[in-house]
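Inspection log for the structure reproduced underneath, given as structure tokens.
One-based numbering, in listed order, for ligands and for the atoms of each. The chain is numbered in sequence order, starting from 1.
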Amino acid sequence: MDVGTAIRTRRSVRRYKRKEIPDGTLRDILEAARLAPSAANRQAWEMIVVKDPGLKAELVPLCKNQKFIGDCSAFLVAIEDPSQRWSRVDAAIMLDHITLAAHEKGLGTCWIGAFDKVQVGSLLKVPPNKEIMACLTLGYPDEDPDARLRKPPEELFHVDHYGRRQ
Ligand SMILES: Cc1cc2nc3c(=O)[nH]c(=O)nc-3n(C[C@H](O)[C@H](O)[C@H](O)COP(=O)(O)O)c2cc1C
């Protein structure tokens, strides 16, 4: 799958088949995160890959009861380092690499921003000097969602100066 196709056809997936991801496939997907660009190449992020079914079930109520978290194959928790200015951006870029790499391999993802940082951090033993930026569900899709609408280009792009549309 070329990058353009991956970008156009990726969707947030919120229904998953209960199925393990082969180690090699997971390794390839995580490699796409490792290769992501970062400010000054500092790679100021870390990730917890939650595979344990019991832990995933415990995470559901800490993530606004989003039940599909319990069904995904892996729950990826992106950790930022608040002492590093661009850490959050670095972490966001690497998560987005994962969404596309996973899609290319027939897996689905969904960003998870609705979660209790303190409680999830404590469950997963995140140290106090680090923070959870966002999470991703990862697994085999059990749905084929329609594309969500996007704003038209005129609402997003300016030419040369803010407010100049073409
Ligand atoms: C930072 C961020 C946080 C999000 N948090 C959630 C979430 O907690 N639960 C959820 O179901 N979707 C979440 N989403 C997914 C968005 O709802 C989704 O990307 C958007 O509606 C566009 O749909 P698409 O990804 O299928 O193109 C989040 C997306 C982003 C980028």
Given [options], identify the one with the heavy atom nearest to [atom].
atom                    : options                      : answer
atom 19 (O) of ligand 1 : Ser12, Ala92, Pro145, Cys135 : Ser12
atom 17 (O) of ligand 1 : Arg11, Arg10, Arg14          : Arg14
atom 23 (O) of ligand 1 : Met133, Gln66, Arg148        : Arg148

query = Within the structure, does Phe68 bring an N/O atom to less than 3.5 angstrom of an N/O atom in ligand 1?
reply = no
ask   = Just wondering, do His103 and Thr109 contact through their side chains at under 4.5 Å, heavy atoms?
value = no
inquiry  = With a 4.5 Å cut-off on side-chain heavy atoms, are Arg10 and Ser12 touching?
reply    = yes
query = Heavy atom under 4.0 Å from ligand 1: found in Arg150's side chain, backbone, both, or neither?
reply = side chain
task = Could you give me the CA-CA distance, side-chain angles and deciding distance for Glu131 and Arg88, then say whether side-chain contact (heavy atoms from CB on, under 4.5 Å) is met?
result = CA-CA 9 Å; Glu131 217 177 279; Arg88 178 168 293 208; 3.7 Å; yes
message = Does the residue Lys64 have a heavy-atom contact with ligand 1, meaning some pair of atoms that are separated by less than 4.0 Å?
response = no
request  = Give a yes/no verdict on whether any heavy atom in Cys110 is under 4.0 Å from an atom of ligand 1.
outcome  = yes
Quick one: does [X]'s side chain have a donor or acceptor within less than 3.5 Å of a partner on [Y]'s backbone?
X      : Y      : result
Ser87  : Ala44  : yes
Lys105 : Leu26  : no
Arg165 : Phe157 : yes

task = Report the nearest protein non-hydrogen atom to atom 29 (C) of ligand 1: residue, atom name, distance rounded to 0.1 Å.
result = Trp111 CB, 3.3 Å
message = Considering non-hydrogen atoms of the protein only, which is the closest contact for atom 5 (N) of ligand 1, and what is the distance?
response = Gly113 N, 2.9 Å
Proximal ligand 1 atoms for Ala114, defined as those under 4.0 Å from one of its heavy atoms = 8 (O)
ask   = Which pair of non-hydrogen atoms, one from Leu95 and one from Ala78, has the smallest distance, and what is that distance?
value = CD1-CB, 3.8 Å
